[in-house]
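When a ligand or atom number is given, it counts from 1 through the structure's own listing order.
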Amino acid sequence: SEQLEEDARNFLHELDVKGSEECTVATMTSWNYASDITEKHKKEKAAAELKYAEWEKEAWERVRKWNGKWETLSDPYLKRQFKFMSILGTAALPKHDLEKYNNLVTEMSTVYSTAKICDYKNPRSCKLELEPDLTKILRTSRDYDELEHVWKMWRYNTGRRIRDHYKLFVRLANKAAKLNGFDNMGDMWLYPYESDTFRDDLAELWQQLNPLYQQLHAYVRRKLRQKYGEHYVTRRGPIPAHLLGNMWAQNWGHIYDLAIPFPHKASLDVTPQMVSKGYTPRRMFELSEEFFVSLNLTRMPPEFWQHSIIEKPQGRDLVCHASAWDFCNAKDFRIKQCTEVTMNDLITVHHEMGHVEYFLQYQNLPKAFRDGANPGFHEAVGDVLALSVSTPKHLLKIGLLNEVQDDPEADINFLLSMALSKITFLPFGYLIDLWRWDVFSGKTLENDWNCAWWDLRYKLQGIKPPVQRSEYDFDPGAKYHIPGNTPYIRYFVSFVVQFQFHKALCIKAGEYDPLDPSKPLHKCDIDHSTEAGNALGDMLQLGSSKEWPEALEILTGTRKMDASVIREYFKPLELWLAKDNERHGEFIGWETDEILCTSEV
Ligand SMILES: O=C(CCC(O)(O)[C@H](Cc1ccccc1)NC(=O)c1ccccc1)N[C@@H](Cc1c[nH]c2ccccc12)C(=O)O
Ligand SMILES: [Zn+2]
């Protein structure tokens, strides 16, 4: 009825205003803690989390009173808000359980963010931190033993120290999920994807992408065998995880110098040029903002530049893992990132700025819709722009390259550098929540946690630990998102859909034409295309007000995640890798009879 609709609008508006105010308060205390880890900030954050949970519970009880009525409303926009606000979340836990749950998550994240290890070359100095120290060693060292030390000690001082926290956390998380009508927390995490075939769809995507990954793996293994010798890197075995340039072997971009196909061609890692041109983190963020503005998207508000933390502050503990913050008041938006002047961090800057651009585009929607169409969309926005920024053509435009070599060999070099961060990530992006879903569902039991992790790391990534692992270790805990309790499948989804977004935007920008060999997908740079920017903005403005297949269709014309686009982007490289591996008689895939992990009897 008209009256019911009118009452519903007013009710939702009232909750929206109050919810945003409560959100601002809670977010501020969370920011204070994440950017300055002290007992005072920890207490304030814990108190604010409980207060916010009380508000959520009150709002949820008032929404419940509308059950049986809101379903009869005709306006889908109103019904969808009721649908989202009918899920309470962890605030459904009894107060003492919620307090324990929140403290466990804060404690695990603090252990991770403050962990330090001793220097391999100077064992008495024990203040090396993940950012910037350990990431630099993993990126630059080619000393097998030094890399093994850093890899092992990092896990000793993070994963091992939170294993028991995680056991309690899983039990409380599942208790909260059941109170929300889910079987376990894994199912509750999949709710935003609104699809009961989602897991199958993901498995199908991985099946389509695995062959390309296997070719790349075989090629890189040969290059590492040449560097470290057959004893350490065997012909048919898994690759030791600490040799891949990254603490988690999730991005192999930093061993490009060992893998470059045509070394006599110009290097595409513009880090040296960034340093020699005096780039600063501030300059990197301004460069990214200029790209968004060139697309006719929204620039950062003054508060962003006033309150963001874009360089690691000295003399205090903080969570250095990058993050973007929406303070729910359509005014205050921030990034916290311990930025270094490297090409890799320029990409991460775009990733974080993509989150803030999404915040800005949906800031006028009701709070219930101020989210990505699904979490993968939120992770993809910045990466889409980074696909254009990474092209030699764009790097030339912004003065970070002084020449572009337009020939097949330079093309292969470029595609390999992109594959070392985009293709190598796929099995990692998939396996983290494959492991966590099995832990939440109880399929993987506590005394098998670490070996189940290494089963997946071996099976999907074809890597092995440099030293044998056991159930005294808890290696998943050495990756931010596990102690940080952040779902991860969103990144796998992002790495697939970002190429679908890229293709759609490149067509609008006139930069890609399937029938024009001079305009392949991997050479496209959408910069300064307002047609592309307007199309992207139209999708971002929807927030989560429409189901994600509809948002995807508005931008790309299709309603499904489609792995064929990322394969099209890398097609020239896939053909080249297959030929090169064939020519060297490389064994595709991996096998081993080593025991990677012992579950103590
Ligand atoms: O974790 C991140 C970046 C951090 C984040 O921007 O995704 C951040 C994670 C986070 C979530 C929740 C609390 C704190 C941190 N996500 C956000 O800040 C965020 C903000 C609003 C909505 C959604 C996400 N990247 C992943 C992998 C990755 C995907 N694309 C990349 C591009 C460049 C570098 C890394 C990646 C990683 O490092 O393993
Ligand atoms: Zn992100």
Query raised in the report: For ligand 1, is there an N or O atom under 3.5 Å from any N or O atom of R490?
Result: no
Query raised in the report: Quick check: are there more than 12 heavy atoms from other residues, nucleotides or ligands sitting under 6.0 Å from OH of Y156?
Result: no
Query raised in the report: Is there at least one protein heavy-atom neighbour under 4.0 Å from atom 35 (C) of ligand 1?
Result: no
Query raised in the report: For atom CZ of R299, is the number of surrounding heavy atoms from other residues, nucleotides or ligands below 6.0 Å larger than 12?
Result: no
Report task. Assess H378: does it contribute an N, O or S atom lying under 2.8 Å from the Zn ion (ligand 2)? Result -> no
Query raised in the report: Within less than 4.0 angstrom of ligand 1, does F425 place any heavy atom?
Result: yes
Requested in this report: State yes or no: are the ring centers of F182 and W189 separated by less than 6.0 Å?
Outcome: no
Report summary line: One finds that the ligand 1 atoms under 4.0 Å from a non-hydrogen atom of T486 are 11 (C), 12 (C)
Query raised in the report: Quick one: does ligand 1 sit under 4.0 Å from the side chain of F359, the backbone, both or neither, non-hydrogen atoms only?
Result: side chain
**Report entry** Heavy atom of protein closer than 4.0 angstrom to atom 9 (C) of ligand 1
**Finding:** yes
Query - Proximity of F495 to ligand 1 by residue part, where a heavy atom lies under 4.0 Å - result: side chain
Query - Whether F474 and Y166 hold their rings parallel, tilted or perpendicular, with breakpoints at 30° and 60° - result: tilted
Query raised in the report: Can you tell if the side chain of W55 reaches within under 4.5 Å of the side chain of K51, non-hydrogen atoms only?
Result: no
Report task. Under 4.0 Å from a heavy atom of E352: give me the atoms of ligand 1 that qualify, with their elements. Result -> 3 (C), 4 (C), 5 (C), 6 (O), 18 (O)
Report task. Cation-pi check, R334 to W31: give yes when NZ or CZ is under 6.0 Å from the six-membered ring centre and within 45° of the ring axis, no otherwise. Result -> yes
Query raised in the report: Taking the six-membered ring for Trp, is the centroid-to-centroid distance between F291 and H394 below 6.0 Å?
Result: yes
Report task. Flag the pair W325 / F359 as yes when their ring centroid distance falls below 6.0 Å, and as no otherwise. Result -> no
Requested in this report: Could you see which bit of D383 sits under 4.0 Å from ligand 1, with heavy atoms only: side chain, backbone, both or neither?
Outcome: side chain
Requested in this report: Compare Y491, Y358, F492 and give the one whose heavy atom is closest to atom 26 (C) of ligand 1.
Outcome: Y491
Requested in this report: Measure from the ring center of Y362 to the ring center of F369 and say whether it is less than 6.0 Å.
Outcome: no
Query raised in the report: Using heavy atoms and a threshold below 4.0 Å, how should the contact between S323 and ligand 1 be classified: side chain, backbone, both, or neither?
Result: both
**Report entry** Nearest protein heavy atom with distance in Å, relative to atom 14 (C) of ligand 1
**Finding:** Y480 OH, 3.3 Å
Query raised in the report: Can you name the N, O or S atom of H351 that is closest to the Zn ion (ligand 2)?
Result: NE2
Report summary line: For Q250, the ligand 1 atoms with a heavy-atom partner under 4.0 Å come out as 27 (C), 37 (C), 38 (O), 39 (O)
Query raised in the report: Among all protein non-hydrogen atoms, which one is nearest to atom 4 (C) of ligand 1, and what is the separation to 0.1 Å?
Result: A322 O, 3.2 Å
Report summary line: Residue, atom and distance of the protein heavy atom nearest atom 33 (C) of ligand 1 read T348 OG1, 3.9 Å
Query raised in the report: Are the aromatic ring centres of F495 and Y491 under 6.0 angstrom apart?
Result: no
Report task. Do me a favour and list the nearest non-hydrogen protein atom to atom 27 (C) of ligand 1 with residue, atom name and distance? Result -> Y488 OH, 3.6 Å
**Report entry** Option from D317, D133, L130, L128 for which side chain to side chain contact (heavy atoms under 4.5 Å, CB included) with K116 holds
**Finding:** D317
Report task. Evaluate ring pair (Phe, Tyr, Trp, His ring centres under 6.0 Å) for F492 paired with F425, printing each intermediate quantity in order. Result -> CA-CA 8 Å; F492 181 82; F425 180 83; 8.4 Å; no
Query - Residues F333, F327; criterion ring pair (Phe, Tyr, Trp, His ring centres under 6.0 Å); working and verdict - result: CA-CA 6 Å; F333 304 91; F327 285 81; 8.3 Å; no
Query raised in the report: Counting backbone and side-chain atoms alike, does E352 have an N/O/S atom under 2.8 Å from the Zn ion (ligand 2)?
Result: no
Report task. Tell me, with the steps shown, if H321 and Y112 meet ring pair (Phe, Tyr, Trp, His ring centres under 6.0 Å). Result -> CA-CA 10 Å; H321 195 86; Y112 181 92; 7.3 Å; no
Query - Which residue and heavy atom of the protein sit nearest atom 20 (C) of ligand 1, plus the separation - result: A324 O, 3.3 Å
**Report entry** For atom 16 (N) of ligand 1, closest protein heavy-atom neighbour
**Finding:** H355 NE2, 3.8 Å
Report summary line: If you scan protein heavy atoms around atom 38 (O) of ligand 1, the nearest is H321 CE1, 3.6 Å
Report summary line: For the Zn ion (ligand 2), the nearest N/O/S atom on E379 is atom OE1
Query raised in the report: Any N or O on H378 sitting closer than 3.5 Å to an N or O of ligand 1?
Result: no
Query raised in the report: Does ligand 1 have any atom sitting under 4.0 Å from a heavy atom of W248?
Result: no
Query raised in the report: Hey, does the side chain of S421 reach the backbone of M418 with a donor-acceptor pair shorter than 3.5 angstrom?
Result: yes
**Report entry** Proximal ligand 1 atoms for K479, defined as those under 4.0 Å from one of its heavy atoms
**Finding:** 37 (C), 38 (O), 39 (O)
Requested in this report: Provide the number and element of each atom of ligand 1 under 4.0 Å from a heavy atom of E379.
Outcome: 7 (O), 23 (C), 24 (C)
Report summary line: Checking heavy atoms under 4.0 Å, the part of F377 that sits near ligand 1 is neither
Requested in this report: May I ask you to check whether over 12 heavy atoms, not counting those of K312, lie within 6.0 Å of atom NZ?
Outcome: yes
